[in-house]
Amino acid sequence: AWPATATAKDSLLNICMDAKHHKTEPGPEGQLYGQCVLWKENACCTANTSLEAHQDQSYLYKFNWDHCGAMPEKCKRHFIQDTCLYECSPNLGPWINQTDTSWRKERILHVPLCREDCEQWWEDCQDAFTCKVNWHKGWNWTTGTNQCPRGAMCQKFKYVFPTAAALCEQIWSQSYRYTSHSRGSGRCIQMWFDPAQGNPNIAVARYYA
């Protein structure tokens, strides 16, 4: 059974999910933009997708970060990084699940995020405002971009998401899981890394596969 297991494991490594903007196969992308440049050696996103990931209300999902007033830049950069990881990373295979929505066939579920990445995200966003816990659903889309549903109150992130774990796990319907693992442990996915040191998530995907 060993070769079959090896093949099953390999099928989870270095792949792109079947979703709205992903390439079918990962490969080098010399022109990745801004914060997505970390993945240029091997990416599931195109240069155009990486550029759009940095736009407010980009054509990617028509999603408006500023639905409760302007999101501070230090907070927004985490959402841009989260978008880059989602669109560009070829190392999320072990957490890809089938889903049946109009805009994608696959999604990620319970990706183990490194503690520091999650906590810094919470730290930098705690005073930003939002009106919803789960940003995947329940918005008012009548204007073509997401607005707070009727009766939903804008509050600071720290009241909507009282902990870093609440933010990372709830905001995208359990796409991420908060872990106690540290960056560099080989047991958690890093949203941020130094590409000069290589991509640490390759080993993490191999471990969980």
Side-chain angles (χ1 to χ4, degrees), residues 17 19-22 33-36 45 49-89 92 95 97 99-179 188-192:
M17 75 185 99
K20 193 172 181 182
H21 302 290
H22 288 69
Y33 180 79
Q35 291 172 219
C36 294
C45 61
T49 297
S50 73
L51 179 65
E52 283 294 323
H54 292 71
Q55 311 295 333
D56 293 341
Q57 295 189 53
S58 82
Y59 83 83
L60 294 179
Y61 303 102
K62 302 272 194 294
F63 196 89
N64 176 20
W65 305 122
D66 303 331
H67 52 267
C68 277
M71 180 183 277
E73 288 305 315
K74 68 175 183 176
C75 173
K76 193 173 288 180
R77 69 190 192 100
H78 291 278
F79 283 97
I80 293 170
Q81 197 66 11
D82 154 56
T83 305
C84 288
L85 175 71
Y86 172 80
E87 299 290 350
C88 304
S89 175
L92 300 175
W95 304 280
N97 278 261
T99 185
D100 194 18
T101 56
S102 58
W103 52 283
R104 59 180 181 180
K105 295 278 182 283
E106 292 179 332
R107 62 162 295 189
I108 46 172
L109 195 62
H110 302 145
V111 173
L113 269 197
C114 296
R115 188 183 75 228
E116 298 90 335
D117 286 26
C118 211
E119 288 178 353
Q120 196 61 53
W121 190 356
W122 188 87
E123 190 66 35
D124 288 344
C125 289
Q126 59 175 321
D127 292 323
F129 284 81
T130 185
C131 55
K132 281 182 57 49
V133 172
N134 185 339
W135 286 16
H136 264 151
K137 55 190 182 200
W139 295 100
N140 172 358
W141 287 94
T142 50
T143 59
T145 183
N146 57 304
Q147 293 181 298
C148 292
R150 186 190 298 270
M153 194 170 76
C154 289
Q155 301 182 75
K156 286 189 174 184
F157 268 53
K158 61 184 167 194
Y159 302 123
V160 179
F161 306 106
T163 62
L167 170 64
C168 289
E169 295 181 355
Q170 293 171 2
I171 198 160
W172 300 125
S173 358
Q174 312 293 320
S175 292
Y176 296 124
R177 183 167 59 82
Y178 175 85
T179 72
C188 58
I189 291 290
Q190 292 180 210
M191 266 169 60
W192 305 84

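In this text the structure is predicted, and so the values were computed from the model without any measurement.
Minimum heavy-atom separation, Met17 to Leu92: CE-CD1, 4.3 Å. Minimum heavy-atom separation, Arg77 to Gln35: O-NE2, 2.8 Å. Closest of all the heavy-atom pairs between Leu113 and Thr179 is O-OG1, 2.7 Å. Here the closest heavy-atom approach between residue Gln55 and residue Leu51 is recorded as NE2-O, 3.4 Å.
Side chains of His136 and Ser173: a donor on one and an acceptor on the other come within 3.5 Å. Using a 3.5 Å distance cut-off with no hydrogens or angles, the side chains of Glu119 and Tyr178 do pair a donor with an acceptor.
To the nearest 0.5 Å, atoms CD (Gln190) and CD (Glu116) are separated by 8.0 Å. With rounding to the nearest 0.5 angstrom, the SG atom of Cys125 is 9.5 Å from the CZ atom of Phe161. Between the CG atom of Asn97 and the NE2 atom of His110 there is a distance of 8.5 Å, given to the nearest 0.5 Å. Rounded to the nearest 0.5 angstrom, Glu106 CD and Asp100 CG are separated by 12.0 Å. A distance of 8.5 Å separates CG in Asn64 from CH2 in Trp141, rounded to the nearest 0.5 Å.
When each of Trp135, Trp65, Phe63 is checked for a side-chain contact (heavy atoms from CB on, under 4.5 Å) with Asn146, only Phe63 meets the rule.
Under the 2.5 Å SG-SG cutoff, Cys148 and Cys68 do not qualify as a close cysteine pair. When the SG-SG distance for Cys154 and Cys131 is compared with the 2.5 Å cut-off, it comes out at or above that value. The SG atoms of Cys168 and Cys118 sit under 2.5 Å apart.
Legend: residues meeting side chain to side chain donor-acceptor pair (under 3.5 Å) with Gln170, ordered by chain and number and at least two apart, are absent. Contacts of His67 classified as side chain to side chain donor-acceptor pair (under 3.5 Å), with partners at least two apart in sequence or in another chain: Thr130. By the side chain to side chain donor-acceptor pair (under 3.5 Å) test, Gln155 pairs with no residue at all, sequence neighbours left out. With sequence neighbours excluded, the residues that form a side chain to side chain donor-acceptor pair (under 3.5 Å) with Arg107 are Ser175. For Trp192, the ring-ring contact (aromatic ring centres under 6.0 Å, His included) test picks out His78, with sequence neighbours left out.
The backbone N or O of Ala70 lies less than 3.5 Å from no partner atom in the side chain of Lys76, so there is not a single donor-acceptor pair. A side-chain donor-acceptor contact under 3.5 Å links Asp117 to the backbone of Met191.
Gln81 places none of its side-chain heavy atoms less than 4.5 Å from the side chain of Trp121. Contact annotation: the side chain of Arg177 never approaches that of Trp95 to less than 4.5 Å [non-hydrogen atoms, C-beta and beyond].
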Begin from the C-alpha positions of Cys114 and Cys188 and carry the test disulfide bond (SG atoms under 2.5 Å apart) through to its verdict. CA-CA 5 Å; Cys114 296; Cys188 58; 2.1 Å; yes
Extract all donor-acceptor atom pairs below 3.5 Å that involve side chains of residues 82-89 and protein atoms in other chains or at least two apart in sequence.
residue	atom	partner	partner atom	Å
Asp82	OD1	Tyr176	OH	2.6
Asp82	OD2	Trp172	NE1	2.9
Thr83	OG1	Phe79	O	2.8
Tyr86	OH	Arg104	NH1	2.9
Glu87	OE2	Tyr61	OH	2.6
Ser89	OG	Asn91	N	3.0

